[in-house]
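Below you'll find the structure, written out as structure tokens, and then a few comments.
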Amino acid sequence: MVVFSWVLLPCAVVLASVATIRWFLRRRQTFWLRHGIPAARNPHLLYGNVAGLVAKQHTSTILQTLYREFRDRQLPAGGFNLFFSPMLLIIDRKLIERVLVQDFAQFQDRGLYASEKVNPLSSETLFSLAGERWHRMREHLGPAFGKGSVRTMFPTTARIAQTLVVYIGAQSKRRDLEWTDLMARYTTDVIGSCAFGIDCRTIRDPGTEFRAMGYRAFRCSLRRMWKLRFGYAFRRIADALQLCVNEPCVERFFLQLCRSTVLHRESYQLVKRDFLQLLLEMKATGRLDMTQVAGQCYSFFIAGFETSASLMSFCLYELAKNVTVQQKLRASIVAALDETDGQLSYDMVMSLRYLDQVVNETLRMYPPVDFLFRVSSTDYAIDRVGTIPRGTLLVVPVHALHHDPEYYPQPEVYDPERFASGAKSSHVRDGAPFMPFGLGPRHCLGATFGLMLVKVGLVAMLRSFRFSLNVDRTPEHVTFKPRSLVLTPSSGMYLNVDRI
């Protein structure tokens, strides 16, 4: 009898655990139905409405499908399940502005999880910080990303862009040069120099440790996504378990790199015109400590190098496909350079109007970050939807909005004239949403710097080379790599290059 009881006990525990998990998942699956809020149909018990996410499909593809479903049902927003997490997809333009701007006080936080003990750098980034800590850090960092500070980083960016041109010239006959990777090496060198004050040299040598650690920091996996969702939904349990979202070795590398650079500068009283120097001035006045300095350098690098590289590579991709646009852009660059005796300057690069149009149209078609998200701090009522419970994660599908024909006629056509001053309704509708850098108080603080490094790189390349599509290796219609946090072509990007 005793033996029989010891056999039954483990079985009973297993059965009870399975029943509890199934009950929990069922509750999450029926979350929107129980709250009387319209939602996507037939969520899977485990995968919700995002089956194939990361493994087979990019987030932009899945969110666009949900966006069109709710559009067809004439809803301003609709619920869906990201695995076991109920989320609300906002599709109405005016509702998006309310959430991100007018009612920002109720939607300040992004709901990202990072443990201060296990991931100290990630927990100090503007992405992860919430509430008053976010407000203070944003206020401290504002001047570091202003136009004046970005202007001081221009000479470093221009020098590295010239290194890029020299490298392309030496490799121009290669047909195996993958341009998404090359653009990431360029942005790594620029941001590594401006954020950490070091010469990364990844353009010439892609095998550097700095590049490898940057790649690992940005690597996307289903396991990492599950951790993020678990940490958000069960923060106390995650803290107790010391849940590690980002690889500790990556953060240790960047923390040690920042500490050694700071020690070198302070020991030799070196002063450089870069982002790190601005942070050191804040550290000297007690506004930041060493971990916060390293955290902001880490954030600057992680937020900028892949997003800027994505923008640059898709710019080159569309220019290679659209020869007329490429010729017009090059003509405007050459005309501007004639007025400066061939010298790049911050004012010249940033005032090129047609370059603005080309970059903006690329950002419309290929926003590097394809969605935004916020957490409701209170119950929130939405007309024709219902009352959203406190703690709900709201998602804004940027890529889907930018590809809606109601806003942008023929959205799959690359047309920089959409962003010409006084563009007609045949190109773009009045009030069309455009938010590649977000909207409201939590918009991307580094947008000015990111645009500067992208434009400098494009100007430097287009003045020296003509680009065409390598049709044998790069398709006319791009698909996105599922395992990527930013939009990246799944089959790589290969271009033909001819020196001018």
Side-chain angles (χ1 to χ4, degrees), residues 114 116-126 128-129 133 136-146 148-163 185-217 246-305 445-446 449 452-453:
E116 292 185 22
K117 292 183 179 179
V118 182
N119 296 128
L121 297 193
S122 297
S123 65
E124 289 293 343
T125 68
L126 282 174
S128 301
L129 290 175
R133 290 183 65 198
R136 286 198 307 270
M137 188 62 71
R138 177 99 180 183
E139 186 177 336
H140 291 332
L141 295 180
F145 288 102
S149 297
V150 172
R151 185 187 291 270
T152 66
M153 301 179 208
F154 177 86
T156 298
T157 307
R159 173 179 55 80
I160 295 172
Q162 186 55 39
T163 301
R185 284 148 57 188
Y186 161 71
T187 57
T188 294
D189 279 2
V190 173
I191 300 176
S193 182
C194 293
F196 292 93
I198 63 171
D199 186 0
C200 302
R201 300 183 181 181
T202 57
I203 291 176
R204 297 189 184 95
D205 180 10
T208 63
E209 187 178 16
F210 199 99
R211 172 70 179 127
M213 287 298 176
Y215 172 78
R216 292 175 67 171
N246 300 314
E247 295 183 64
C249 65
V250 174
E251 294 202 8
R252 284 196 300 270
F253 170 79
F254 284 106
L255 179 58
Q256 182 57 41
L257 178 66
C258 193
R259 281 176 173 167
S260 61
T261 304
V262 170
L263 179 62
H264 178 73
R265 290 195 186 186
E266 291 180 342
S267 299
Y268 292 93
Q269 297 183 343
L270 297 177
V271 176
K272 293 188 177 182
R273 300 167 67 185
D274 56 20
F275 179 69
L276 177 58
Q277 188 62 43
L278 297 170
L279 296 179
L280 291 180
E281 292 171 4
M282 296 179 199
K283 176 176 174 287
T285 57
R287 287 177 286 173
L288 300 177
D289 59 30
M290 189 60 239
T291 301
Q292 290 173 325
V293 168
Q296 300 320 309
C297 287
Y298 175 76
S299 173
F300 185 23
F301 176 71
I302 297 304
F305 89 100
L445 196 59
F449 175 83
M452 184 272 289
L453 80 89

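Scope of the values below: all heavy atoms of this structure, side chains included, with no hydrogens, waters or symmetry mates.
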Using modelled atom types only, decide if a donor and an acceptor are shared between the side chain of [X] and the backbone of [Y] within a distance under 3.5 Å.
X      : Y      : result
Thr125 : Ser122 : yes
Ser267 : His264 : no
Thr202 : Arg185 : yes
Tyr268 : Leu263 : no

Legend entry - Parallel, tilted or perpendicular: ring planes of Phe275 versus Phe145, cut at 30 and 60 degrees: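 Tilted.
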Inset, instruction - Could you tell me how the ring of Phe301 sits relative to the ring of Phe254: parallel (under 30°), tilted (30 to 60°) or perpendicular (over 60°)? - result: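 Correct class here is tilted.
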With heavy-atom distances below 4.5 Å as the criterion, would you say the side chains of [X] and [Y] are in contact?
X      : Y      : result
Arg273 : Met153 : no
Ile203 : Thr188 : no
Cys258 : Tyr298 : no

Legend entry - Cys194 and Thr156: CA distance, side-chain angles, deciding distance, side-chain contact (heavy atoms from CB on, under 4.5 Å) verdict: CA-CA 8 Å; Cys194 293; Thr156 298; 4.3 Å; yes
Ion pair present between [X] and [Y], side-chain N to carboxylate O less than 4.0 angstrom?
X      : Y      : value
Glu139 : Arg287 : no
Arg204 : Asp189 : no
Arg136 : Glu124 : no

Legend entry - Test of ring centre spacing under 6.0 Å for Phe196 and Phe300: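 No: the rings miss the under 6.0 Å criterion.
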Legend entry - For Asp289, side-chain hydrogen bond (donor to acceptor under 3.5 Å, both in side chains) partners two or more places apart: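 With neighbours one apart ignored, the set is empty.
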Legend entry - Chi angles and distances behind the salt bridge (charged side-chain N to carboxylate O under 4.0 Å, His left out) call for Arg201, Glu209: CA-CA 11 Å; Arg201 300 183 181 181; Glu209 187 178 16; over 6 Å; no
